[in-house]
Number of protein chains: 2
Amino acid sequence: MQLTMTGEYALRAMLYICSYPMGTFFQISDIAIKNDIPDNFLRKIIPRLCKAGILRSQRGTSGGVSLLKHSKEITPLHVIETVEGEMALNKCLIGSDFCSKERWCSVHILWCETQQKIKEMLSGKTFEELAKTNSERFLHFHSHKQNNKSQKKSKNNKE
Amino acid sequence: MQLTMTGEYALRAMLYICSYPMGTFFQISDIAIKNDIPDNFLRKIIPRLCKAGILRSQRGTSGGVSLLKHSKEITPLHVIETVEGEMALNKCLIGSDFCSKERWCSVHILWCETQQKIKEMLSGKTFEELAKTNSERFLHFHSHKQNNKSQKKSKNNKE
DNA sequence: ATTAAATGTGACAAAAACACTCCTATTTGG
DNA sequence: CCAAATAGGAGTGTTTTTGTCACATTTAAT
């Protein structure tokens with residue numbers, strides 16, 4: 001009944017990325033270090049976010065990743081389901097043959113309603129809002145890294 | 001992000017038990033067969049419900065289990081947390097050192113709110129209601145077994 | 001062209017969780 | 001004492017999780 005580390009890391013990475021201006025490029029190893037994520041593991045997660053159109057990646061020297069979709073259009077649910085697959089509270093909600101028709105029951109209905117509510121809540125805030133709230137509270141926290149980043153931004157911000 | 005089979009089986013068993021009058025005794029093997037639960041597995045789950053005061057068990061010949069708490073006082077959340085431990089959507093909600101204070105973040109708050117909502121929903125209906133709804137829809141389903149049960153009930157209903 | 005620096009990806013592996021099974025108590029009515 | 005029921009610890013095979021590693025690919029700069 002828990003998010004896996006894959007989802008957790010994806011959320012951390014997205015919150016980090018979204019706390020900088022759109023267009024800023026990041027190296028995966030930088031994201032990993034700043035957010036306590038195993039570098040090699042993050043390298044398996046980021047490409048999924050790229051394929052989903054959330055991030056864009058650039059290979060080669062001075063490459064990296066940056067936001068493709070605007071943070072106001074990205075929600076936690078979106079990120080979680082991108083990296084972990086569709087969320088399902090109970091196996092019988094996946095649509096398999098786990099639940100026989102005979103056992104379609106009142107508890108099943110409760111699961112459906114609960115799951116629906118969760119999805120609403122996890123898609124009720126955008127990363128723009130989340131990142132804003134976060135940086136308002138901790139604007140001192142990454143402040144010294146902003147300089148590095150703006151320098152890098154000017155180098156890579158070519159489109 | 002899913003209920004385990006332990007929780008699923010516990011819910012099935014409770015829904016089954018609560019669809020009969022309070023005081024009715026059931027053998028574990030009977031519950032297992034009627035609800036597609038591996039017998040040996042259910043034997044590891046039932047004792048937890050007994051220790052939590054939800055069920056009562058009777059050893060020895062013509063023993064079994066029956067409701068101890070009234071079904072109107074039992075909720076799905078109660079059953080799930082009894083057999084699976086406290087529900088936590090994210091490791092950082094367990095209270096461990098998973099989440100550093102520095103990373104207390106806006107996503108964390110969203111987790112808290114979502115988890116709270118889930119708990120509200122899963123404790124918003126009692127098994128009395130759930131069993132009633134269920135039997136109204138499928139009162140034909142276990143009807144032929146009611147006879148067996150009432151026979152057994154008269155034998156064991158000694159308190 | 002070469003090279004260095006970045007991401008992409010498939011294979012592999014250790015560890016943990018899950019979903020049981022098995023065996024041996026222990027209790028209880030007859 | 002025996003048969004029938006639950007109690008519970010130990011063990012086991014499978015799957016999932018959480019990575020690691022090696023190698024391939026792409027790209028900018030020299």
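Proteins get letters first, then strands, A, B, ... in listed order; numbering begins at 1 in each.
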Polar pairs (N or O, both sides) under 3.5 Å between protein and nucleotides 19-22 of chain C?
residue, atom, partner, partner atom, Å
dA19(C), OP1, K91(A), NZ, 2.9
dA19(C), OP2, M5(B), N, 3.0
dC20(C), OP2, Y9(B), OH, 2.8

Need to verify one output field. Residue with the more 5' nearest nucleotide on DNA chain C, G64(A) or T61(B)? G64(A)

Does one side chain, of N90(B) or Q2(A), offer a donor that lies under 3.5 Å from an acceptor on the other? no

Expressed as a whole number of angstroms, how long is the span from L49(A):CG to dT7(C):P? 14 Å

Whole angstroms only, please: what is the CZ-P distance between R43(A) and dG10(C)? 16 Å

Is E129(A) salt-bridged to K132(A), going by a charged N under 4.0 Å from an acidic O? no

Nearest-Å distance, CZ (R48(A)) to C1' (dG10(C))? 13 Å

Please determine, by modelled atom types, if N134(B) and Y16(B) share a side-chain donor-acceptor pair under 3.5 angstrom. no

Candidates dA6(C), dA28(D), dT28(C) - which lies nearest the side chain of Q58(B): dT28(C)

In this structure, how many angstroms lie between the C1' atom of dT17(D) and the CD atom of Q2(B), rounded? 14 Å

Name all residues meeting the ring pair (Phe, Tyr, Trp, His ring centres under 6.0 Å) criterion together with Y9(A); count only those two or more places apart in sequence or in a different chain, and write none if there are none. F41(A)

Could you tell me the separation between the CD atom of E8(A) and the P atom of dT17(D), rounded to a whole number of Å? 15 Å

According to salt bridge (Lys or Arg N to Asp or Glu O under 4.0 Å), does anything in residues 67-84 of chain B pair up with another residue at least two apart or in another chain? List the pairs. E81(B)-K119(B)

With rounding to the nearest 0.5 angstrom, report the NZ to CG distance, K117(B) to L122(B). 11.5 Å

Rounded to whole Å, please give me the gap between CD1 in I37(A) and P in dT20(D). 12 Å

Assess, by modelled atom type and distance only, whether the side chains of R48(A) and T82(A) contain a donor and an acceptor separated by less than 3.5 Å. no

Atom-pair distance (CD1 on I28(B); C1' on dT27(C)), nearest Å: 13 Å

For dT27(D), does the base pair up with any side-chain atom of R59(A) as donor and acceptor (N or O, under 3.5 Å, distance only)? no

Most 5' of G60(B) and S57(A) on DNA chain C, judged by nearest nucleotide: S57(A)

Atom pair distance, as rounded to whole Å: CD1 in I46(B) and C1' in dT6(D): 10 Å

